[in-house]
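To start, the structure under review is shown below, and the notes come after it.
The figures that follow rest on heavy atoms only: side chains count, while hydrogens, waters and symmetry mates do not. Naming convention: chains lettered A, B, ... in sequence-line order (proteins, then strands); numbering from 1 in each chain.
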Amino acid sequence: MVDTLTPSQSKVVEFPYQSNSTLKVVAGPGSGKTLTLLHKVYYLIESGQIAPNEILILSLTNKAVDNVITRLFDVFEQLNEKRTEEQLKEIIGGLEVHTVHGLANRVVIENEGIINVIEENGWRGLMKLVSEDFWKNKRPKIPSIKDFKRLFEQYKNQKTGTKDVVKKLTDIMENCGVVTNEELIDRASRYLNSDVVPESTAQTMEYTRNLKDKIKVVIIDEFQDLYPSLLPLLRRISLGKQLILFGDSNQSIYSFLGSNKEAMNAIEDIHTGRDFHIMHLHDNFRCTPEIMAAATRVIPLKRKEMNDGEIEKVCKDKCGVKPIMQNFSNPLDELEFVRDQISQLVCASAHLSDIAILTRTNNQMQLIADHLQSYGINSHKLTAQPDWMTDSRIQFLIDLMKVISLSHREESLKRENFVNRPWKSDFSLIVTLSALKGATNQSIQILYNECLRHDISLRRYISSVPMSDWPAAVTNKRKISNCVIELQKLMNNGEFLYSDDPMQILQKICTFAHEMGFQMLQPTSHRDAEQFRQHLEDMYIILKLCLTNKPNDMPLVEWFLHTHFEQSLSYYHENPVPRAGSRDVLKISTIHSSKGLEFPIVFLMGGLSWFHSISQLEDNVLYVGMTRAKNLLYLLNTKHPGLDYKSATRNIMSNEKFWRYYNTDLNRDIPADFASAIRRYDCLQRKYDGFSMKRRPFSTLSVAHNNKLMRLIAHIARK
DNA sequence: AGACAGTAAGTTTTT
DNA sequence: CTTACTGTCT
């Protein structure tokens with residue numbers, strides 16, 4: 001059955017099930033980790049030891065989860081042709097595959113109802129509630145949202161200093177069902193730890209209980225990404241179960257979340273006195289020996305292993321081309337180099353979709369995408385989430401919908417004489433009012449304090465207490481009041497909350513936002529406006545999708561608010577390139593998001609050198625980036641003591657030997673006529689010559705919001 | 001108070 | 001390399 005696997009892979013797959021034990025599988029890049037994992041799952045089920053619903057597969061990123069889910073069906077189908085599609089679906093449907101946060105979310109929701117994870121706009125709103133002197137003697141004088149977030153966490157843990165301020169904020173969050181990601185994990189592990197489940201709710205807590213009692217095997221994919229604060233949760237989940245860890249410590253690139261060295265050691269003996277086994281998958285089926293040799297030199301520990309003769313076995317033949325390294329002092333040169341190389345590669349036998357450009361930051365990613373776009377080269381961003389979901393303007397609109405929906409719910413509960421506290425709408429309303437032009441921090445603070453004093457919801461206070469009775473210090477009373485009145489109009493208007501027409505819903509909410517003139521929705525440029533329009537369109541698609549799968553007894557708006565996150569993720573997963581005109585587009589991703597993926601050709605952008613010095617990536621980040629490449633690797637502006645800079649750049653386009661190797665490796669036909677590549681390239685160059693710098697508007701070259709590049713270009717222009 | 005020299009950070013993800 | 005803040009001196 002497992003004859004397609006290597007001996008070491010088979011050993012992992014056939015390792016016996018044994019409760020209360022840990023198996024750690026160290027799997028280097030390209031070693032067939034996911035394949036082995038899936039075979040392992042299949043083996044557990046097929047051998048009758050474990051039922052599908054007794055297996056829990058966890059990972060840290062959505063990407064890794066997607067990866068497992070996507071390949072599940074293929075691998076299972078291949079392994080057993082006897083089963084019908086229906087049976088396979090049932091087996092696969094029984095498996096639990098989640099991100100750690102996704103799992104925590106489910107547990108918490110089951111125990112305390114719908115909760116929301118606080119987002120950028122939420123932090124901005126909270127920030128408005130702390131007084132100026134909170135920032136006195138603090139690190140940054142002009143605090144950003146990020147600084148605020150950091151300080152908030154810090155104070156929460158320390159429980160010293162401005163405790164009362166933080167306490168006030170956490171109370172609001174508590175009341176409104178808003179949590180931070182850390183809190184989400186904490187709460188989940190609390191619910192799993194509390195062994196006493198109240199009898200009355202025992203039946204409904206099925207999911208939580210199953211996690212504790214039913215699951216027998218917990219598989220953690222990419223264990224190197226774990227960080228200390230996840231450990232309590234994982235400890236509880238793996239209690240008494242077989243814990244199988246897959247990963248590679250050299251690919252640990254999330255050390256900024258906490259010390260994962262510590263976490264990695266801790267997870268090995270997560271329960272003391274446990275049976276512990278470790279296995280290695282050494283073969284590398286992905287990279288060429290040339291790429292692997294360079295990547296190995298990047299990690300000090302690896303270099304030592306190599307000397308000890310304990311190196312990964314690369315299973316591919318030499319391709320004859322070493323990684324191409326080049327440094328630039330001018331970012332435009334770098335972008336042009338990339339563009340030129342891509343032209344050459346495509347004119348030879350590469351497809352655009354073979355190529356991936358990996359960057360360190362999201363900003364760089366956007367910059368490169370824009371530049372290539374200006375030449376008519378389409379690219380697809382491999383982000384963890386679709387763009388529109390991270391657009392704070394869209395999130396703001398969703399917040400507006402939340403205020404209306406939650407307020408409506410509160411009103412109807414009140415009519416039926418239920419308890420009125422807590423008012424979940426307060427949080428979203430604070431976020432909304434904070435964005436209102438003219439509503440100062442102070443006004444919102446005072447108003448909110450008044451509400452606390454009168455034990456009344458913020459919305460209700462604003463709408464029912466006459467403005468003349470508001471504290472005098474509140475400015476712009478009319479504007480604030482008007483905003484809430486308009487919100488209430490939407491709330492009482494059945495055409496919004498109970499509408500089944502996605503366009504109508506979108507229109508109503510946009511009209512409202514427009515009339516209120518929210519500052520943050522004002523586009524700063526034409527480009528900005530176009531982007532917003534596109535994101536609105538994407539939101540419309542998800543609204544339409546919600547309409548097709550919503551339960552009959554739930555209004556569309558409510559269903560959307562509850563499920564839009566998951567729905568968009570799965571929609572995005574199934575339609576990875578929803579709007580690109582041509583199918584053949586190149587891929588752009590941050591190094592972090594590219595983990596677990598592989599590409600025939602990789603451009604690794606160390607950093608667009610804003611500085612004259614070339615940025616040095618962390619060892620592991622560089623290693624991950626390099627080992628994504630199957631056949632050809634470019635290292636641009638990448639500095640590392642282990643790398644040898646003297647390797648010469650060859651003309652790739654006319655390297656027949658390489659392209660023979662390349663096409664063979666990808667199971668493609670070898671082109672008969674290599675000379676035509678050069679002809680095609682010449683033709684393409686002539687076309688690009690038409691794109692003179694003058695004709696290309698500056699705004700497409702750089703990004704309006706990337707001031708740094710603008711300044712740098714100005715600097716270069718002066719010279 | 002104002003000028004000047006020295007220092008540390010910048011980024012990456014999770015619903 | 002640039003920014004944003006600190007500390008020290010006059």
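The OH atom of A:Y572 sits 14 Å away from the P atom of B:dT15 (whole-angstrom rounding). Rounded to whole Å, the distance from CD on A:E110 to C1' on B:dT15 is 17 Å. Atom C1' of nucleotide B:dT12 and atom NZ of A:K595 are separated by 11 Å, given to the nearest angstrom. Distance A:F256 CZ to B:dT13 P: 7 Å, rounded to the nearest Å. For the pair A:L226 CG and B:dT14 P, the interatomic distance rounds to 14 Å; values are reported in whole Å. Separating the CG atom of A:N363 from the P atom of C:dT2 is a distance of 18 Å, rounded to the nearest angstrom. The distance between atom CG of A:L604 and atom C1' of B:dT12, rounded to the nearest whole Å, is 14 Å. The interatomic distance linking A:H101 (NE2) with B:dT15 (C1') rounds to 8 Å, in whole Å.
The separation of B:dT13 from C:dT3, taken at their P atoms, amounts to 25 Å, rounded to a whole angstrom. Separating the C1' atom of B:dT11 from that of C:dT2 is a span of 15 Å, rounded to the nearest Å.
Salt-bridge annotation for A:E110 and A:R106: absent, with no side-chain N of the basic residue lying under 4.0 Å from a carboxylate O of the acidic one. Looking at A:K402 and A:E119, no side-chain N of the basic residue comes within less than 4.0 Å of a carboxylate O on the acidic one, giving no salt bridge. Remark: A:E558 does not engage A:K550 in a salt bridge, criterion side-chain N to carboxylate O under 4.0 Å. A salt bridge links A:E598 to A:R286: one of the charged nitrogens lies within less than 4.0 Å of a carboxylate oxygen.
Between A:S593 and B:dT13 there is a side-chain N or O to OP1 or OP2 distance below 4.0 Å. Taking side-chain N and O atoms only, A:N62 has no distance below 4.0 Å to OP1 or OP2 of B:dT13. OP1 or OP2 of B:dT15 has at least one side-chain nitrogen or oxygen of A:T99 nearer than 4.0 Å.
With B:dT14, B:dT15, B:dT12 as the candidates, the nucleotide lying closest to the side chain of A:Y227 is B:dT14.
The backbone N or O of A:I57 sits nowhere less than 3.5 Å from a side-chain atom of A:D221 that would complete a donor-acceptor pair.
When the nearest nucleotides of DNA chain B are assigned to A:N116 and A:N362 by heavy-atom distance, the more 5′-ward of the two goes with A:N362.
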